[in-house]
Amino acid sequence: MNTFKKNIFLLILVSLFINCESKTNLSDIQIEKKVDEIIDQMTVDEKVGQMTQIDQRFLDTITDLSTYSIGSLLSGGGSHPSVNEPQAWLDMYNKYQSETLKNRLGIPLVYGIDAVHGHNNVYGATIFPQNIGLGATNNPELIYEISKATSLEVAATGIDWTFSPCLSSPEDYRWGRTYEGFSSDPNIVENLGAAAVEGYQSVETETGKKVIACAKHFIGDGNTEFGTGMNGLVDRGNTILTSEELKEKLLPKYKAAIDANVQTVMASYNSWNGIKCHGSKELLTDILKIELGFEGFVISDWQGIDEIPGDYKSDIITSINAGIDMVMVSGQGQPYKKFMKLLKESIQEGSIPMSRIDDAVKRILKVKFSNGLFDSPLVTNESLDIIGSEKHRDIARQAVRESVVILKNDGLLPISKEISSIIVAGRGADNLGMQCGGWTINWQGGQGDITVGKTILDGINNSVSVDTNVIYSKDGSDLSSVSGDLAVVVIGEDPYTEFFGDKDSLDLLKEDIDTINQLKNKGYKVFVLLISGRPMNVADHIDEWDGFAAIWLPGSEGDGVSDILFGDYPSTGRLSYPWPIQAEKGANAKTSDLLFDVGFGL
Ligand code: BGC
Ligand code: BGC
């Protein structure tokens, strides 16, 4: 056992000991017994309700929660309460949970959200670097702390479940979700993913609130062939691997998450050898539940079953029989009522055996019991201060500085804090939204001051001495010619999420190149900072730059970048993805085609 594992093991022992007296910790046998008692009393309608998950935005009337004994709500990207502030999130949670509890058997809701880099839908929450940056830290203890901090912020608003960690190991950088993976190397993902699961699920607040993690997207989400996905690109495409290859390469990541006791797994939109994962009994039942012994429940992805060939009813039958336990129905126009009606019909006709339904409901109820939801689901506002607290922002800042990968430095770093003047330029220099990327406040993220945090410019301003003249220029055009002065130029990608980020070219924007050239032509030395969700095409430009660092999508604490620029901390960030000369070749490129290999960083 390495030290990290040892520490975790000790923590688990201690918490087991403490929890002996906690009312939320029933033994497995007690839970089984209680679950069986409830299932014996449940009608088909109530079972169907438990298997249904709805985005709160698309709830027809709130009383549907109790009428249909709905099992779960989610807030998809951007599904906020009418005012986006922590108290309103908590009120929203309590409102829905109280209504749900009125169902005949008093079964609580499990409320899910994509807290994928902090509690990122909530205004004012700490926004941690996206996973690609965390991969560059390659620091499992830190990832444990980040995940724990995230869970504390999630739990403070009452929410029970985060759809994280993403265990993809992306290979084609044209994929818009590359940044959701820690690394293209499944071994790194395995190690960091398990630490994330442990961190997320380590939390139990004073009111007994715990947070459930979700390993996603099962399986092969990062390995699809270019051209087979949506719009002829990568997302939701087809992954081609033999059964042996899949098991050897991709399964250990899930095994490690299951060993870390991950309680839910999300099915993936992609296909495996032409068959949608959502409809594959081989994957969801034979491999995940039987071979890996996963005892939690499987949630489908957002309208993910709809992509199985055939009509909606056959999608339901195929996916539930394949092993999906809860369906993320979502979408507009009350599709959940249609879903519940068709699921019930399929059960009554015998297309889905009652044993499969009971198994699904049993898995869902077990998770609800283990997490104390039957005891104390409602929350008070006592813990709200933890959201965006200094303590959590400090962890995020540490993560940012450990994620910066310096790829070129012609004697510019560390910059002296006494420097007489410094230019800070580029679209990303003073742009919180851009440095946070997708999955921040809204599904696709946003530009500018979308939440609370420090931009790269703020960080530089706070680092230099009072005598330093910091000159901010968005595109360099308003600056006069100077010889030899330093310009830090922050360029990169605009925020995107999922297929919106699929691109067939990973060239830098012309606008960004123009800004750099303006500064070069005026005689400045340029240190380029790239905000991006993946390696990009820099090979044709890097010779003209005096320094270059990848800062990925650092999140709300931009001052972590200046910690490195000014040498307050040593630079420890290393590439967790190889950086090809032609970025479109992704992680599959041969070593000879690489500009920088995995592990590189100055
Ligand atoms: C994504 C998932 C996410 C879910 C809920 C889907 O589109 O693929 O990663 O958890 O939406 O927002
Ligand atoms: C939701 C996301 C979800 C996506 C799936 C959006 O409307 O807000 O959470 O992942 O749809 O396409």
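Values in this document were obtained by computation on a predicted structure and should not be read as measured data.
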Inset, instruction - Check the side chains of Y68 and N103 for a donor-acceptor pair under 3.5 angstrom, ignoring hydrogens and angles. - result: no
Legend entry - Polar side chain donor-acceptor pair, T43 to D45, under 3.5 angstrom: no
Legend entry - Note, I316 side chain near I305 side chain (heavy atom, < 4.5 Å): yes
Inset, instruction - Look at the side chain of N223 and the backbone N and O of T239, then say whether any donor-acceptor pair between them is shorter than 3.5 Å. - result: no
Inset, instruction - Write down the atom of V298, the atom of L288, and the distance for their closest heavy-atom approach. - result: CG2-CD2, 3.7 Å
Legend entry - Reported OG1-to-OH distance for the pair T157 and Y93, which is rounded to 0.5 angstrom: 9.5 Å
Legend entry - Lys/Arg N to Asp/Glu carboxylate O, D160 vs K210, below 4.0 Å: no
Legend entry - pair I38-F374: side-chain heavy atoms closer than 4.5 Å: yes
Inset, instruction - Measure the shortest side-chain to side-chain distance between L59 and Y336 over non-hydrogen atoms and say whether it is less than 4.5 angstrom. - result: yes
Inset, instruction - Measure from the side-chain N and O atoms of H278 to the backbone N and O of S271, and report whether any donor-acceptor pair falls under 3.5 Å. - result: no
Legend entry - D359/R356 salt bridge by N-O under 4.0 Å criterion: yes
Inset, instruction - For residues N121 and G76, report the shortest heavy-atom separation together with the two atoms involved. - result: OD1-O, 4.0 Å
Legend entry - Check: K289 side chain, G323 main-chain N or O, donor-acceptor pair, under 3.5 Å: yes
Inset, instruction - Salt-bridge test for K255 and E190: reply yes if a basic N is under 4.0 Å from a carboxylate O, no otherwise. - result: no
Legend entry - Short side-chain to backbone donor-acceptor contact, N321 and I352, under 3.5 Å: no
Inset, instruction - Mind checking the CG-OG spacing from L74 to S79? Nearest 0.5 Å is all I need. - result: 6.5 Å
Legend entry - Rounded distance [0.5 Å steps], CD1 in I188 versus OG in S183: 3.5 Å
Inset, instruction - Find out whether V329 and Q53 are in side-chain contact, i.e. whether some heavy atom of one side chain is under 4.5 Å from a heavy atom of the other. - result: no
Inset, instruction - Report yes or no: does D502 contribute a side-chain atom to a donor-acceptor pair with the main-chain N or O of G176 at less than 3.5 Å? - result: yes
Legend entry - Polar side-chain atom of S168 near backbone of P170 as donor-acceptor pair, under 3.5 Å: no
Legend entry - Side-chain touch I219/L283, heavy atoms, less than 4.5 angstrom: yes
Legend entry - Among L101, I70, V361, L365, the one residue meeting side chain to side chain contact (heavy atoms under 4.5 Å, CB included) with I107: L365
Legend entry - N-O pairing of D114 and K216 below 4.0 Å: yes
Legend entry - Side chain Q50, main chain I364, donor-acceptor under 3.5 Å: no
Inset, instruction - Taking the side chain as every heavy atom from C-beta outward, state whether L73 and L65 have any pair of such atoms under 4.5 Å apart. - result: yes
Legend entry - Point-to-point distance, once rounded to the nearest 0.5 Å, from CG of D311 to CG of D306: 11.0 Å
Legend entry - Backbone of S169 reached by a side-chain donor or acceptor of S184 within 3.5 Å: no
Inset, instruction - Using a strict cut-off of less than 4.0 Å between a Lys/Arg side-chain nitrogen and an Asp/Glu carboxylate oxygen, indicate whether E291 and K247 qualify as a salt bridge. - result: yes
Inset, instruction - Identify which one of Q303, M230, R236 satisfies the side chain to side chain contact (heavy atoms under 4.5 Å, CB included) criterion when paired with Y269. - result: R236
Inset, instruction - Could you tell me whether the side chain of F297 reaches within less than 4.5 Å of the side chain of K368, counting heavy atoms only? - result: no
Inset, instruction - Report yes or no: do W439 and Q130 form a side-chain donor-acceptor pair below 3.5 Å? - result: no
Inset, instruction - Please determine, by modelled atom types, if D64 and T61 share a side-chain donor-acceptor pair under 3.5 angstrom. - result: yes
Inset, instruction - Would you kindly say whether Y111 and S75 are connected by a side-chain donor-acceptor distance under 3.5 Å? - result: yes
Inset, instruction - Check whether any side-chain heavy atom of I146 sits under 4.5 Å from a side-chain heavy atom of H392, and report yes or no. - result: no
Legend entry - Under 3.5 Å: donor-acceptor pair, side chain of N131, backbone of E180: yes
Legend entry - Basic-acidic side-chain contact under 4.0 Å: E171, K249: yes
Inset, instruction - Would you confirm whether Q97, through its side chain, and L109, through its main-chain N or O, come within 3.5 Å as a donor-acceptor pair? - result: yes
Inset, instruction - Could you tell me whether K313 and E349 make a salt bridge, using a distance below 4.0 angstrom between a side-chain N and a carboxylate O? - result: yes
Legend entry - Basic-acidic side-chain contact under 4.0 Å: E204, K209: no
Legend entry - Approximate separation, where rounding is to 0.5 Å, of L342 CG and S346 OG: 6.5 Å
Inset, instruction - Scan side-chain atoms only and decide if W272 and S280 contain a donor-acceptor pair under the 3.5 Å cut-off. - result: no
Inset, instruction - Mind listing the closest non-hydrogen atom pair of A399 and L134 along with its distance? - result: CB-CD2, 4.1 Å
Legend entry - Short side-chain donor-acceptor distance under 3.5 Å, Q30 and S27: yes
Inset, instruction - Answer yes or no: is there an ion pair linking K276 with E307, defined by an N-O contact shorter than 4.0 Å? - result: yes
Legend entry - Gap separating the OH atom of Y200 from the OG atom of S164, nearest 0.5 angstrom: 2.5 Å
Inset, instruction - For T126 and E153, test the side chains for any donor-to-acceptor distance below 3.5 angstrom and give the result as yes or no. - result: yes
Legend entry - Salt bridge present between K95 and D91 (N-O < 4.0 angstrom): no
Legend entry - Pair N261-E198, side-chain donor/acceptor within less than 3.5 Å: no
